[in-house]
Chemist: 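Structure provided below as structure tokens; questions to follow.
The structure displayed is predicted, hence computed values, not measured ones. Every number for a ligand or one of its atoms is a count from 1 in the order of the listing.
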Amino acid sequence: MSCLALSPHVESPRLRLRGVRPGDLPRLAELANDYDVVKMTGSMPYPYTAADAEAFYEKACAGDPADHATFVLEHEDAPIGVLSFTPGPFARTEIGYWLGRPFWGRGLATEAVRAALGWARGDWRKKLVLACHYADNPASGQVLIKSGFLYTGDVEPKVSKARGEAAPVRWMVWLA
Ligand SMILES: CC(C)(COP(=O)(O)OP(=O)(O)OC[C@H]1O[C@@H](n2cnc3c(N)ncnc32)[C@H](O)[C@@H]1OP(=O)(O)O)[C@@H](O)C(=O)NCCC(=O)NCCS
């Protein structure tokens, strides 16, 4: 049973974006238990345990579908990462995502973000999406630029649970 029953599957050439299922959690926990993955996110701890994956699932299922959507990124019938939309600053939608390290460098994050934005614009009727990336994460900046985001010029500190401290993030915006 997926907890994103209201969201359709979104298909791209190499990916399926779908609701999270309990059966995804062991593999997601394995992929997320990597400091180089979680240090680029605000909310993921390190080490990342099975209990953290359970907590992620509960949170994903509890979100109001008006302003939350959490997708597992499935590639060749297996989960490889997560993409989510959550309420961000100014009551705007914010996108976040991560992929397991074996899947980096193949254009998959860009493909996922573009597909998710297509869904957000078409089915979800969102007009504006915010994103931020740590300043020491240029790869994510590239993903966002290739997906149509622009830098707002705002840079501010943001806590990273895995780092145990704040680091500067660069804010970006996408208009439908
Ligand atoms: C960031 C992340 C999502 C990128 O995933 P990916 O599938 O490798 O991304 P893509 O292949 O679609 O695109 C990466 C782009 O960054 C570029 N890039 C990679 N390392 C780079 C670096 N050090 N400096 C500048 N650009 C870099 C790549 O060349 C590519 O751009 P190109 O296609 O124009 O050549 C992935 O590394 C990840 O999950 N990291 C950990 C979690 C994270 O950072 N999440 C995002 C939080 S904002």
Side-chain angles (χ1 to χ4, degrees), residues 10-18 20 24-25 27-49 52-53 55-56 59-60 68-89 92-120 126 128-174:
V10 180
E11 302 276 349
S12 67
R14 294 175 293 171
L15 295 169
R16 177 175 301 123
L17 283 64
R18 58 158 177 81
V20 192
D24 299 325
L25 300 181
R27 179 61 174 152
L28 290 178
E30 189 183 353
L31 292 171
N33 190 30
D34 177 338
Y35 184 67
D36 288 335
V37 170
V38 294
K39 76 175 182 190
M40 296 307 185
T41 74
S43 61
M44 295 168 74
Y46 185 77
Y48 191 98
T49 65
D52 295 314
F56 154 74
K59 206 170 158 196
H68 290 75
T70 304
F71 295 97
V72 159
L73 307 177
E74 192 180 279
H75 174 60
E76 295 174 347
D77 297 323
I80 64 163
V82 169
L83 182 149
S84 61
F85 293 106
T86 52
R92 294 298 188 174
T93 301
E94 181 178 342
I95 192 170
Y97 47 84
W98 64 267
L99 260 60
R101 191 198 292 254
F103 305 97
W104 294 0
R106 305 189 209 168
L108 288 168
T110 304
E111 188 172 315
V113 170
R114 287 177 175 168
L117 290 172
W119 173 81
K126 297 293 177 191
L128 188 157
V129 176
L130 295 172
C132 69
H133 69 83
Y134 285 104
D136 60 3
N137 190 7
S140 187
Q142 266 308 110
V143 167
L144 292 164
I145 287 169
K146 288 189 293 175
S147 303
F149 281 80
L150 296 172
Y151 284 103
T152 64
D154 295 316
V155 179
E156 60 184 30
K158 182 174 178 180
V159 170
S160 158
K161 203 177 252 183
R163 298 179 198 221
E165 61 183 9
V169 293
R170 302 181 69 189
W171 281 98
M172 302 183 78
V173 63
W174 172 89

Chemist: In ligand 1, which numbered atoms sit nearer than 4.0 Å to a non-hydrogen atom of Thr110?
Modeler: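 This gives 10 (P), 12 (O), 13 (O) as the contact atoms.
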Chemist: Examine the proximity of ligand 1 to Met40 and report which part, side chain or backbone, both or neither, has a heavy atom under 4.0 Å away.
Modeler: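 It is both parts that get close, each with some atom under 4.0 Å.
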Chemist: Specify side chain, backbone, both or neither for Val143, according to which of its non-hydrogen atoms lie closer than 4.0 Å to ligand 1.
Modeler: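 Side chain only.
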Chemist: Nearest heavy atom to atom 38 (C) of ligand 1 wins, so pick from Tyr97, Trp98, Trp104.
Modeler: Trp104
Chemist: Indicate, as side chain, backbone, both or neither, the part of Lys146 found under 4.0 angstrom from ligand 1 when only non-hydrogen atoms are considered.
Modeler: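 Near ligand 1, Lys146 shows its side chain, while the N, CA, C and O stay back.
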Chemist: What about the rings of His133 and Phe149, do their centers lie closer together than 6.0 Å?
Modeler: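 No, ring centres 6.0 Å or more apart.
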Chemist: With a cut-off of 4.0 Å, which atoms of ligand 1 are near a heavy atom of His133?
Modeler: 48 (S)
Chemist: For the pair Tyr134 and Thr41, evaluate side chain to side chain donor-acceptor pair (under 3.5 Å) and give the outcome as yes or no after the intermediate values.
Modeler: CA-CA 8 Å; Tyr134 285 104; Thr41 74; over 6 Å; no
Chemist: As a test of the contact definition, would atom 35 (O) of ligand 1 count as having a protein heavy-atom neighbour under 4.0 Å?
Modeler: no
Chemist: Run the side-chain contact (heavy atoms from CB on, under 4.5 Å) test against Pro79 and tell me which residues pass, sequence neighbours left out.
Modeler: Asp24, Arg27, Leu28, Val72
Chemist: What donor-acceptor contacts under 3.5 angstrom involve side-chain atoms of residues 102-116, with partners at least two apart or in another chain?
Modeler:
unit_1 : atom_1 : unit_2 : atom_2 : d
Trp104 : NE1    : Leu99  : O      : 2.8
Arg106 : NH2    : Pro102 : O      : 3.0
Thr110 : OG1    : Lys146 : NZ     : 3.3
Glu111 : OE1    : Arg14  : NE     : 2.8
Glu111 : OE1    : Arg14  : NH2    : 2.9
Glu111 : OE2    : Ser12  : OG     : 2.8
Glu111 : OE2    : Arg14  : N      : 2.6
Arg114 : NE     : Lys146 : O      : 3.2
Arg114 : NH2    : Lys146 : O      : 2.8

Chemist: Counting only heavy atoms closer than 4.0 Å, does ligand 1 sit against the backbone of Cys132, its side chain, both, or neither?
Modeler: backbone
Chemist: Would you mind finding which of Gln142, Arg170, Met172, Lys39 brings a heavy atom closest to atom 26 (N) of ligand 1?
Modeler: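 It is Gln142 that holds the nearest heavy atom.
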Chemist: Between Glu156 and Val169, is any pair of side-chain heavy atoms under 4.5 Å apart?
Modeler: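 Yes, their side chains come closer than 4.5 Å.
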Chemist: Between the side chain of Arg163 and the main-chain N/O of Lys39, is any donor-acceptor distance below 3.5 Å?
Modeler: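 Pair found, side chain donor or acceptor close to backbone of Lys39.
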Chemist: Report the part of Tyr134 (side chain from C-beta onward, or backbone N, CA, C, O) that has a heavy atom under 4.0 Å from ligand 1; answer both or neither where that applies.
Modeler: neither
Chemist: I'd like to check which ligand 1 atoms, numbered from 1 as shown, lie under 4.0 Å from a non-hydrogen atom of Val37.
Modeler: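 Going through ligand 1 atom by atom, the ones under 4.0 Å from Val37 are 41 (C), 42 (C).
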Chemist: Does the Asn33 side chain pair with the main chain of Tyr48, one donor and one acceptor, at a distance under 3.5 Å?
Modeler: yes
